[in-house]
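Here is the structure we will look at, set down as structure tokens.
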Amino acid sequence: IDTGIIPDLVKLVQTSSELKIQAEASWCLANFCSGTEEQTLKVVCKAGIPCFLAALKSSGDEVVENAFWGIANLAGTSTQIRDMLLKIQPDLIEKIVEILQDTTCLSLKRSGTWVLSNICKEPEPSYDQIESAIPMLCEYLDTEDDSNILENVVWALFSISNTDEGLDEIISYDITSRLVSLLENSPSSFCSPYLRIIGNIVSGSDQQTAQILEEKKLFPCLLKLLDHEESQLRKETLWILSNITAGLPPQFEKIMRNP
């Protein structure tokens, strides 16, 4: 970075006629953005954001994937840079969703959902900036089976569900059965995002809580996790159970009827 190479790399991404050169240059820039905040800001100050945004339009999957990595790294560096991305490209979420809906490339799906996860994470952008991601995220939750994609999707949905509007919209896609199934069948290292979003659901309205309590496998999953060696998983499980018991009497009785 100290050699002053960033402007040259930006120029190659934006003007080279060879996709391989665009890919290598964008990969270098994405790696720079995975360093310290100071290093990332140097990329930002040298037109790094417009460069990555322009690369999303590339005909080469590798270039687009590297742009995803770069944008994800930028969004993950600080809230300020994340908000700058959304200000420069207000329809960024829509652009990412469009790419993900049109691709069958596994690595592109992984990196694209990671971008969405980083953009949506706390403190969340305003709901109107991220709501367009919900239909695709819920579709991926239902149809994808890759653990990396699913983890990214559920973390993004968890962040969105921290708002009342987001939780209402997510619940409308009838994802509770899938969430419980994933919780039941995932290794413990992947359980946390599923527990978090289930926790948000049972913290919602009585109707939302009642909907997920209809899932017969929910309580066996939760009771099993109470014996888990990882304290954080036990804590998140107890948070869910405490929210259920604080609800309506029939909800409390459902817990008491489970051995």
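Keep in mind that what you see is a predicted model, and the values were worked out from it rather than measured.
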Would E24 and K20 count as a salt bridge (Lys or Arg N to Asp or Glu O under 4.0 Å) if you check the C-alpha gap in whole Å, the side-chain angles of each, and the deciding distance to 0.1 Å? CA-CA 6 Å; E24 294 298 334; K20 187 62 178 175; 3.3 Å; yes
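- In plain terms, the two heavy atoms of G4 and D8 that are nearest each other are O-OD2, 4.2 Å.
- Among residues two or more places apart in sequence or in another chain, the salt bridge (Lys or Arg N to Asp or Glu O under 4.0 Å) test is passed with K121 by none.
- Under a 3.5 Å cut-off, the side chain of T176 and the backbone N or O of I212 do not form any donor-acceptor pair.
- Using a 4.5 Å heavy-atom threshold, the side chains of L41 and I81 count as touching.
- Every side-chain contact (heavy atoms from CB on, under 4.5 Å) that S58 has, sequence neighbours left out, goes to L19, Q22, V63, V64.
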Would L179 and L141 count as a side chain to side chain contact (heavy atoms under 4.5 Å, CB included) if you check the C-alpha gap in whole Å, the side-chain angles of each, and the deciding distance to 0.1 Å? CA-CA 8 Å; L179 281 173; L141 182 72; 4.2 Å; yes
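- Put simply, the side chain of V44 reaches to within 4.5 Å of the side chain of M84, judged on heavy atoms.
- Linking Ile, Leu, Val, Met, Phe, Trp and Tyr whenever their side-chain heavy atoms come within less than 4.5 Å puts L238 and L218 in one cluster.
- Annotation: E38, atom CD; neighbour count of heavy atoms from other residues, nucleotides and ligands within 6.0 Å does not exceed 12.
- Within the 3.5 Å criterion, the main-chain N or O of D145 finds no donor-acceptor partner in the side chain of Y140.
- Taking 4.5 Å as the limit, some side-chain heavy atom of I201 sits within range of a side-chain heavy atom of I171.
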Run the numbers on S177 and E215 for side chain to side chain donor-acceptor pair (under 3.5 Å), then give the verdict. CA-CA 6 Å; S177 294; E215 304 299 329; 2.8 Å; yes
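- The two atoms that bring L183 and C221 nearest to each other are CD2-CB, 4.0 Å, heavy atoms only.
- For residues 167-184, the salt bridge (Lys or Arg N to Asp or Glu O under 4.0 Å) pairs, not counting sequence neighbours, are E184-K217.
- In this structure, the separation between CZ on F190 and CG on L182 is 11.5 Å, given to the nearest 0.5 Å.
- The CG atom of L137 sits 10.0 Å away from the CD1 atom of I175 when rounded to the nearest 0.5 Å.
- In this structure, V13 and V10 have side chains that are not in contact, with every pair of non-hydrogen atoms separated by 4.5 Å or more.
- When the side chain to side chain donor-acceptor pair (under 3.5 Å) test is applied to E62, no partner is found at least two apart in sequence or on another chain.
- Judged by distance alone, with hydrogens and angles left aside, the side-chain atoms of E151 form no donor-acceptor pair with the main-chain N or O of N148 at under 3.5 Å.
- No single ILVMFWY cluster, assembled from side-chain heavy atoms under 4.5 Å apart, contains both L74 and W27.
- Residues forming a salt bridge (Lys or Arg N to Asp or Glu O under 4.0 Å) with R196 (at least two apart in sequence, or on another chain): E236.
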So L195 and L225, side chain to side chain contact (heavy atoms under 4.5 Å, CB included) or not? Walk me through it. CA-CA 10 Å; L195 287 172; L225 286 169; 3.8 Å; yes
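- Side chain of D142 to main chain of C138: no donor-acceptor pair is present (N/O by atom type, distance under 3.5 Å, no hydrogens or angles).
- In terms of modelled atom types and a separation under 3.5 Å, the side chain of Q89 and the main chain of L86 share no donor-acceptor contact.
- The closest side-chain heavy-atom distance from L9 to V43 is not below 4.5 Å.
- Here the closest heavy-atom approach between residue P220 and residue K216 is recorded as CD-O, 3.4 Å.
- The main-chain N or O of V202 is never found under 3.5 Å from a side-chain atom of N243 such that the two would form a donor-acceptor pair.
- Remark: the backbone N or O of L167 is not paired with any side-chain donor or acceptor of S161 at under 3.5 angstrom.
- Applying the salt bridge (Lys or Arg N to Asp or Glu O under 4.0 Å) test to pairs two or more places apart or on separate chains, none has a residue in residues 124-140.
- Counting only distance, with no hydrogens or angles, the side chain of T103 and the backbone of I99 share no donor-acceptor pair below 3.5 Å.
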Does the side chain to side chain contact (heavy atoms under 4.5 Å, CB included) test come out yes or no for I134 and Y127, once each step is laid out? CA-CA 11 Å; I134 295 175; Y127 177 66; 3.8 Å; yes
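- In the model, N152 has no side-chain atom that pairs as donor or acceptor with a side-chain atom of S117 under 3.5 Å.
- Within the 4.5 Å cutoff, side-chain heavy atoms of L92 are placed close to those of L56.
- Note on D146 versus R110: salt bridge recorded, some NZ/NE/NH1/NH2 to OD/OE distance being below 4.0 Å.
- The aromatic rings of W69 and W114 sit tilted, their planes meeting at an angle between 30° and 60°.
- A chain of hydrophobic side-chain contacts below 4.5 Å, direct or via other Ile, Leu, Val, Met, Phe, Trp or Tyr residues, connects L106 to L100.
- Using a 4.5 Å cut-off on side-chain heavy atoms (C-beta onward), T77 and T36 make no contact.
- Distance CD1/I93 to SG/C120: 5.0 Å, rounded to 0.5 Å.
- In the hydrophobic cluster analysis, where Ile, Leu, Val, Met, Phe, Trp and Tyr join through side-chain heavy atoms closer than 4.5 angstrom, I49 is grouped together with L29.
- Cluster membership check: L226 shares its hydrophobic cluster with L213, using side-chain heavy-atom separations under 4.5 Å among Ile, Leu, Val, Met, Phe, Trp and Tyr.
- Crowding of K109 atom NZ: a count of heavy atoms from other residues, nucleotides or ligands under 6.0 Å exceeding 12.
- Contact between A75 and R82 at its shortest, heavy atoms only, is O-CB, 3.7 Å.
- In this structure, the side chains of I88 and L53 come closer than 4.5 Å at one or more pairs of heavy atoms.
- Residue Q129 holds its CD atom at 11.0 Å from CG of L85, rounded to the nearest 0.5 Å.
- Looking at every heavy atom in both residues, A67 comes nearest to F52 through CB-O, 3.5 Å.
- The number of heavy-atom neighbours closer than 6.0 Å to CG of D164, taken from other residues, nucleotides and ligands shown, is 12 or below.
- Separation of atoms CD (E37) and CD (Q39) is listed at 11.0 Å; rounding is to 0.5 Å.
- Taken to the nearest 0.5 Å, the CD1 atom of I6 stands 9.0 Å off from the CG atom of D2.
- At least one test fails for K42 against the ring of F32: distance under 6.0 Å to the centre or angle within 45° of the axis.
- Nearest heavy atom pair, residue T40 against residue C33, reads OG1-O, 3.2 Å.
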